[in-house]
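On a predicted model such as this, the values are computed, not experimentally measured, just so you know.
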Amino acid sequence: MPAHAPDPRSAPTTDPLARERAHLTSSRAALRAMREDVQSLDIRDVTANWVNAVVLTAQIEDRIKALADLAHTPLFFGRLDYLHRVGADRAEGAEGEQFYIGRRHVHNADGDPMVIDWRAPVSQPFYRASKKDPMDVGLRRRFGYTGGELTAYEDEYLTDPRESEQTSKLLQAEIERPRVGPMRDIVATIQPEQDEIVRSGLAGSVCVQGGPGTGKTAVGLHRVAYLLYAHRERLARTGTLVIGPNKSFLHYIEQVLPALGELEVKQATVDDLVAHVEVRGEDEAAAAVVKGDARMAEVLRRALRSHVTMPTEPLVVVRGSRRWRVPAYELEEMVQELLNRDIRYGAAREALPQRIAHAVLVRMEQAGEAPDDRVQDAVARNAAVKAVVKAVWPPIEPAKLVLRLLADAEFLAAHANGILTEDEQKTILWAKPARSVKAAKWSAADAVLIDEANDLVSRTHSLGHVVLDEAQDLSPMQYRAVGRRCTTGSATVLGDLAQGTTPWATASWADALTHLGKPDALLEELTAGFRVPREVIAYASRLLPHMSPGLAEVRSVRESPGSLEIRAVGRDATPGDAAATSAALDAAAVAACAESLAHEGSIGLIAADARIPALAEALAAAGMPYLAPGEETTADSRLTLVPASLAKGLEYDYVVLDEPAAVVDGEPDERTGLRRLYVALTRAVSGLTVLHASPLPAQLG
């Protein structure tokens, strides 16, 4: 599989690289012409009113943005030479077709394709074809770029028996290319097992278990891009959403989909989804675990339905000179029938006055009258009917319902009986009950309970597709909150059970998917690592038997001698002198960061949250500028100071890990601490330096 990179200044016009550069130039010109065509559209004579004009103008602006030519993003990254023509006109002996594969479709003035979208069916062999199954492809060519300039190409002859299957050097170089700023797309390096997940259908949900460096986040984002390509009209109506663990993570991934031409996908955290109240409090771990338990859904359901009372008096409706009487037993039958149907509280409350009005209309018809729908609506709005509905099925504010459950021991006990133990009830009761919804110091778990109660009252809007990343850290109630957003759509769930660091972390994907409402989702496992060097992932994997026994170890395809270094510091400090040891550790961290900055790419200094202030002070004293997680898009510095609690999902070319023992000790229990350490150890793409003054955790061997 030869790679070619001749000097462009000396390349003759017949040189293949020169021809490919010419095609790149022509393709960029064609894309520019496509954009200019859209910019020149005059919509003054095609819009019926100002509303249509506003909508159409917005659509045109989005199209212009989608056709932007990003200078440092290759317009195409591969080429396929088919052995035969593609499609219905395929004929025996016909010359094969040639397609350039890129991030978006580009055509010339005649409508002929210059670049084929990577999501198109004809592009699929670029990711899946092999010598065993060439998929009618004779040649697969990969391109190498420096900045936006095409600098090399590499050919793979899939049907030539003289060539053996080899690892692509350009593919490996692209994976290892230094990264500064936000996460990049992996559209040029998608592997066959990843492509199968990316191209799976919209109707089914998929759960991807993947260890560090297996590309699960990128797979999820590219799956969204593929689904928008394959089902654009449907998803334009129903919407798509990417859910991440925190704002830093969302900032890190926010450029991936726009780079693929997809601008309309919304991003949020679970906390954003359930933001019905202001979160100002924080639960103890034990309380958060109980509040996050799926049993709380039944407690809330019981508490809500307890507000429904059976009527004991008949209803009399006066219309003109006539009085129409509905006996109490008949009213009770209506209420009981609505309760038995188990529909949402608000929907049932809206249905009850219509049921009562229908009963009145039956009596009118029996008396010889001929009432119509307008009469029924008028009866449903009658003051006497409204009074009965308010007494029997009163309106409920979800936040007030949750407030009463958490503040009133008797109310909680009445509805948690047989569901929560007495100790669990005491755990979630507020020590100081709030007087009002606004005065309450709601926690994040409380907000999820309010969201559940809100859905019990009125249906939550469902989207066409939801991507849930770092899903292993969600509680059952959080899964239910996400599931409500895709009851009529599908989901892509991404996570790693070994990286679960919350007290309520997922124990199994089967349980998680049941809580999500997608028990039939297809479970896929990615075990081939492309990002983390073999030496680093092998070192981190020593922790697996102690925190996630039975979970498959990631096997990295990248061997990088010298990528792992363990440094003991503070040996010269006086034993017991904590200040001197801490100072030595700070100095070692600054020195290690300085060494890493000598290399190209991004650097992450990861430390226990409690160590961040001291390290920030040391970096400032050394005149070394740094960023906080999520600020990488500013590119003011290549160094990011990362609290261990925010490291999940992020990646850096070089990582300096400060004091592993402190990372473990910063968590409420050893298992969670080891998982947090596992996350921190696996953020590096090119090199990891571990600094420790205290003994390393024994589980690292």
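Not counting sequence neighbours, the partners of Arg484 by the salt bridge (Lys or Arg N to Asp or Glu O under 4.0 Å) test are Asp451, Glu452. For Asp195, the salt bridge (Lys or Arg N to Asp or Glu O under 4.0 Å) test picks out Arg128, Arg199, with sequence neighbours left out. Legend: residues meeting side chain to side chain donor-acceptor pair (under 3.5 Å) with Glu262, ordered by chain and number and at least two apart, are Arg119, Arg232.
Minimum heavy-atom separation, Phe249 to Gly649: CE1-CA, 3.7 Å. Pro245 and Asp469 get closest at one heavy-atom pair: CD-O, 4.2 Å.
Between His105 and His107, the ring planes lie tilted relative to each other; the angle falls in the 30° to 60° range. Note: Phe77 and Tyr127 have tilted aromatic rings, judged against thresholds of 30 and 60 degrees for the angle between ring planes.
Under 3.5 Å, the side chains of Gln472 and Glu470 contain a donor-acceptor pair of N or O atoms. One side chain, Asp272 or Thr269, offers a donor N or O that lies under 3.5 Å from an acceptor on the other. Counted by atom type alone, Thr506 and Tyr479 present one or more donor-acceptor pairs between their side chains at under 3.5 Å.
Checked by atom type and distance alone, the side chain of Lys518 pairs as donor or acceptor with a backbone atom of Cys486 at under 3.5 Å. Between the side chain of Asp110 and the backbone N or O of Asp112, no donor-acceptor pair lies under 3.5 Å. With hydrogens and angles disregarded, no donor-acceptor distance shorter than 3.5 Å links the side chain of Ser123 to the backbone of Ile101. One N or O on the side chain of Arg223 and one on the backbone of Ser200 form a donor-acceptor pair closer than 3.5 Å.
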Checking ring-ring contact (aromatic ring centres under 6.0 Å, His included) for the pair Phe99/Phe126: CA distance, chi angles, key distance, verdict? CA-CA 10 Å; Phe99 298 99; Phe126 184 78; over 10 Å; no
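Partner Val137 forms a side chain to side chain contact (heavy atoms under 4.5 Å, CB included) with one of Thr159, Asp81, Leu80 and no other, that one being Leu80.
In this structure, the side chains of Ile197 and His222 stay at 4.5 Å or more apart for every pair of heavy atoms.
Here the CG atom belonging to Asp37 is positioned 12.0 Å from the CZ atom belonging to Arg32, to the nearest 0.5 angstrom. Rounded to the nearest 0.5 Å, atoms CZ (Arg142) and CD (Glu154) are 7.0 Å apart.
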